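Below, all heavy atoms of this structure are taken into account, side chains as well, without hydrogens, waters or symmetry copies. Please read these numbers as outputs of a predicted model, since none were measured by experiment. Letters A, B, ... are given to chains in the order of the sequence lines, protein chains preceding strands, and every chain is numbered from 1.
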Protein chains: 2
Amino acid sequence: MDDIDRMLIGLLQEDATQSYAALGQAVGLSSGAAHERVRKLRERGVIRRTTIEVDQAALGRAVTAYVLVDGGSWMGDSAEGLAGIPEVEEAHVIAGPASVLLKVRTAGPRELQDVLRRVFQVDGVTGTQTVIVLETFFERTLK
Amino acid sequence: MDDIDRMLIGLLQEDATQSYAALGQAVGLSSGAAHERVRKLRERGVIRRTTIEVDQAALGRAVTAYVLVDGGSWMGDSAEGLAGIPEVEEAHVIAGPASVLLKVRTAGPRELQDVLRRVFQVDGVTGTQTVIVLETFFERTLK
DNA sequence: CTTGAAAAGACTAAAAT
DNA sequence: ATTTTAGTCTTTTCAAG
């Protein structure tokens with residue numbers, strides 16, 4: 001993992017459709033060498049997968065919210081329950097004012113209410129606190 | 001934007017390296033038709049870009065935290081200031097216990113402290129409250 | 001909008017340095 | 001680990017249904 005690997009990762013984050021020839025030229029290597037480095041980055045799991053970034057609003061997901069979840073018991077097994085709610089994009093165990101933090105996307109406030117009901121039914125959940133996003137300044141990939 | 005478009009988006013989210021022939025077969029179209037639909041989804045901005053998903057920990061970003069930012073004044077101009085901090089991955093204006101919510105990734109707790117200092121120096125910021133992530137259950141792409 | 005085919009270009013693997 | 005080369009597959013374009 002050297003500077004060239006980091007450059008390749010940065011270039012692929014910006015545009016993963018570019019050719020290995022272009023990548024190689026940008027970092028000063030042949031296309032074969034660039035390809036080999038990217039292959040190894042994938043193999044080692046540094047690059048998890050190639051994917052597309054989607055405009056969620058265009059897909060009918062207009063509301064973003066963060067949900068702080070309080071849980072009396074351990075909640076170690078709540079991961080599957082939360083993963084079973086399709087609108088939950090992220091779930092983190094946190095240190096602070098609650099046990100778990102969720103990122104949720106729904107079509108509207110009404111659907112958010114439905115999600116909160118389902119979160120409440122997950123084992124160990126004793127309460128929720130919801131933070132609604134009014135405007136997103138940015139959601140970006142780190143350099 | 002019909003069911004086939006939604007299927008194509010789902011397939012590309014899982015693996016954007018697959019061929020248009022494979023995509024077409026999966027949705028019951030020729031490779032040319034699949035290609036044309038994806039081209040239009042890009043053109044309309046539904047697909048923002050093709051990118052890679054990176055293991056942040058493998059890149060030395062071991063700590064994830066959410067930072068609630070309090071701001072006395074409007075903070076409408078704070079977006080650029082926050083965008084100037086490279087460790088800030090997301091910034092949202094929220095309705096709730098604070099003005100802005102940040103997602104931050106750093107190498108360690110020490111670097112997180114540095115970021116908090118820089119957040120504090122952004123125009124309009126009067127206070128912060130930090131939630132540290134202990135474990136991430138999942139961070140996924142919505143279907 | 002979809003199909004099918006043709007040309008250009010990219011990927012993959014292998015041999016040599 | 002990188003370069004180069006050759007073969008194969010894919011992307012991209014375009015004419016026609």
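For the pair B/R140 and B/F138, the distance from NZ or CZ to the six-membered ring centre is under 6.0 Å and the angle to the ring normal is within 45 degrees.
With a 4.5 Å cut-off on side-chain heavy atoms, A/V67 and A/L101 do not count as touching.
D/dT10 atom C1' lies 17 Å from atom CD of B/E36, rounded to whole Å.
With salt bridges taken as basic N to acidic carboxylate O contacts below 4.0 Å, none links B/E43 and B/K40. A salt bridge links A/K103 with A/E139: the distance from a Lys NZ or Arg NE/NH1/NH2 to an Asp or Glu carboxylate oxygen falls below 4.0 Å. Residues B/D55 and A/R49 are not paired through a salt bridge, judged by the lack of any N-O separation under 4.0 Å between the basic side chain and the carboxylate.
Checking A/K40 against A/S31, the closest nucleotide of DNA chain D that is more toward the 5' end is the one next to A/K40.
Using a 4.0 Å cutoff on non-hydrogen atoms, the parts of residues 7-25 of chain B near DNA chain D are B/Q18, B/S19, B/Y20, ordered by number.
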Worksheet item: Do B/I94 and B/L68 pass the side-chain contact (heavy atoms from CB on, under 4.5 Å) test, and can you show the C-alpha distance, the side-chain angles, and the key distance before you say yes or no?
Response: CA-CA 9 Å; B/I94 59 174; B/L68 291 157; 3.8 Å; yes
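Put simply, A/H35 has no side-chain N or O that comes within less than 4.0 Å of OP1 or OP2 on C/dC11.
Residue-level contact check: A/R37 touches the backbone only, with heavy atoms under 4.0 Å from sugar-phosphate atoms and none from bases.
The side chain of A/S30 sits closest to D/dT4 out of C/dT3, D/dT4, C/dT12.
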